[in-house]
Visitor: 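One structure coming up, written as structure tokens, with questions to follow.
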Number of protein chains: 2
Amino acid sequence: MLKLSKKTDYAIILLAHLGGQIDPVSAQEVASIYKLPYPMVANILKQLLSSGLIKSTRGQNGGYVLRRSAGDINLSEIIRITDSTFALVECVHEEDACKVYQCCPTSRPLIALHHKIQQFVEDTTLANIIEDTKSKNFRVKKSSYETAHLS
Amino acid sequence: MLKLSKKTDYAIILLAHLGGQIDPVSAQEVASIYKLPYPMVANILKQLLSSGLIKSTRGQNGGYVLRRSAGDINLSEIIRITDSTFALVECVHEEDACKVYQCCPTSRPLIALHHKIQQFVEDTTLANIIEDTKSKNFRVKKSSYETAHLS
DNA sequence: TGAAATAGTACTAATTAGGTGCTAATTTGA
DNA sequence: TCAAATTAGCACCTAATTAGTACTATTTCA
């Protein structure tokens with residue numbers, strides 16, 4: 001259906017929130033701030049943890065923090081973790097031999113599109129997203145990522 | 001999952017084939033050429049018909065032809081018919097009020113990405129795809145749509 | 001009239017997405 | 001030291017979407 005899963009949506013929200021905090025944030029806390037279902041949030045955080053994007057501390061006052069700086073985390077990684085590796089068409093990661101037909105007409109234009117999207121998600125960092133959110137209410141200038149990373 | 005459905009994949013293949021023919025092509029014929037399941041092909045063609053992208057003639061020697069020229073049909077339309085209207089994130093078509101949170105951090109960068117993709121699929125015509133397929137075995141120059149429509 | 005096709009619709013099966021539940025382990029503060 | 005807060009690691013369920021099939025009717029042409 002060519003859309004991001006809610007899991008990815010949520011993950012971006014969660015990570016952007018963590019990026020704006022210094023102390024650990026608990027699953028409970030983020031869930032209530034953004035009014036998301038707690039079990040879902042907890043699940044996604046666990047997944048982000050096991051993928052090494054965030055680190056955790058248990059017990060009272062425990063929670064999660066980013067493992068790397070927000071500028072070091074890009075959208076591509078997040079999508080890979082919560083959505084699966086991005087492939088607009090299956091054949092994009094299978095260098096040779098289209099299963100359907102040797103001269104399958106879809107390949108080239110769609111593969112070009114795939115690479116464009118890939119480029120964008122790699123160039124967009126969590127820091128870009130956070131910055132963008134902060135300036136959101138003051139819509140004076142265009143956000144940086146738009147001018148910096150795309151034609 | 002951020003990928004095109006097989007239906008869309010198939011639809012592009014079918015339409016590209018029709019675009020290269022003058023006489024009506026039957027569902028049976030395309031199915032056998034591309035080794036796709038006949039009922040699937042037939043179904044998609046019916047859908048493309050009812051959406052007005054192709055026209056049909058019944059009976060012996062019947063089949064389907066494009067209703068408009070290949071240069072007049074773009075990827076966006078095809079995706080809309082076989083995949084549903086493209087929306088990278090739900091909120092992209094709901095001008096106001098994010099359901100999740102007023103300052104939802106995802107919106108802007110993802111909406112920017114959405115528009116980039118939208119631009120691409122609108123600029124890529126069936127003619128581009130067909131042309132590209134023909135030149136595929138002679139990988140001398142880059143295909144036209146790449147230079148013409150993207151950064 | 002019969003074969004080759006489309007037309008329309010409804011159905012089934014497989015996969016994915018979204019969401020939940022349970023129990024264990026760990027930390028902290030009273 | 002104990003109870004509460006919190007993560008850890010599973011396994012599970014349900015609903016939605018995708019993929020593919022089936023059947024019957026209609027049209028056309030030789």
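So you know, we letter chains A, B, ... as the sequences are listed, proteins then strands, and number each from 1. Owing to the predicted nature of the structure, the values given are computational and were not obtained by experimental measurement.
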Visitor: A:E90 CD to D:dA19 C1': how many Å, rounded?
Guide: 12 Å
Visitor: Give me the atom names and distance for the closest heavy-atom approach of B:S76 to B:Q118.
Guide: OG-NE2, 3.2 Å
Visitor: For A:R58 and for A:L4, locate the closest nucleotide of DNA chain C by heavy-atom distance; then report the residue assigned to the nucleotide nearer the 5' terminus.
Guide: A:L4
Visitor: Once you round it to whole Å, what is the distance between C1' of D:dC29 and CD of B:Q60?
Guide: 5 Å
Visitor: So, is A:S56 near the phosphate of D:dA8, with a side-chain N or O under 4.0 Å from OP1 or OP2?
Guide: yes
Visitor: Would you confirm whether B:N128, through its side chain, and B:E131, through its main-chain N or O, come within 3.5 Å as a donor-acceptor pair?
Guide: no
Visitor: From the 5' end of DNA chain C to its 3' end, which nucleotides mark the outer limits of contact with chain B, defined by a 4.0 Å heavy-atom distance cut-off (strictly under)?
Guide: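 Reading along DNA chain C, I get C:dA4 to C:dA17.
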Visitor: Measure from NZ on B:K7 to P on D:dG20 and round the result to the nearest Å.
Guide: 11 Å
Visitor: Which label fits A:Y34 and A:H17: parallel for a plane angle under 30°, tilted from 30 to 60°, or perpendicular past 60°?
Guide: perpendicular
Visitor: Could you work out, with side chain to side chain donor-acceptor pair (under 3.5 Å) as the rule, every residue matching A:T82, not counting sequence neighbours?
Guide: A:T8
Visitor: Working to the nearest 0.5 angstrom, can you tell me the gap between A:L4 CG and A:F86 CZ?
Guide: 9.5 Å
Visitor: On DNA chain D, compare the nucleotides closest to A:K3 and A:G62; which residue's is nearer the 5' end?
Guide: A:G62
Visitor: Quick check on contacts: within residues 37-51 of chain B, what sits under 4.0 Å from DNA chain C by heavy-atom distance?
Guide: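 DNA chain C contact set from residues 37-51 of chain B: B:Y38, B:N43, B:K46, B:L49.
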Visitor: Please report the closest heavy-atom contact between B:F120 and A:P109, naming both atoms and the distance.
Guide: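 Of all heavy-atom pairs spanning B:F120 and A:P109, the closest is CZ-O, 3.7 Å.
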Visitor: Under a 4.5 Å side-chain heavy-atom rule over Ile, Leu, Val, Met, Phe, Trp and Tyr, are B:M1 and A:V92 clustered together?
Guide: no
Visitor: Could I get the full list of side chain to side chain donor-acceptor pair (under 3.5 Å) partners for A:R67, not counting sequence neighbours?
Guide: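 Per chain and number, A:R67 pairs via side chain to side chain donor-acceptor pair (under 3.5 Å) with no residue.
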Visitor: Please give, in whole Å, the distance from D:dA30 P to B:N61 CG?
Guide: 6 Å
Visitor: Of all of residues 21-29 of chain A, which get a heavy atom below 4.0 angstrom from DNA chain C, listed by number?
Guide: none
Visitor: Rounded at 0.5 Å granularity, tell me how far CG in A:L75 sits from CD1 in A:I12.
Guide: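 Between atom CG of A:L75 and atom CD1 of A:I12 there are 5.0 Å.
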Visitor: For the CG atom of B:D83 and the NZ atom of B:K6, what is their distance to the nearest 0.5 Å?
Guide: 13.5 Å
Visitor: Below 3.5 Å, can you tabulate the donor-acceptor pairs from side chains in residues 37-48 of chain B to any protein atom, sequence neighbours excluded?
Guide:
from: B:Q47; atom 1: OE1; to: B:K7; atom 2: NZ; distance (Å): 3.1
from: B:Q47; atom 1: NE2; to: B:I81; atom 2: O; distance (Å): 2.9

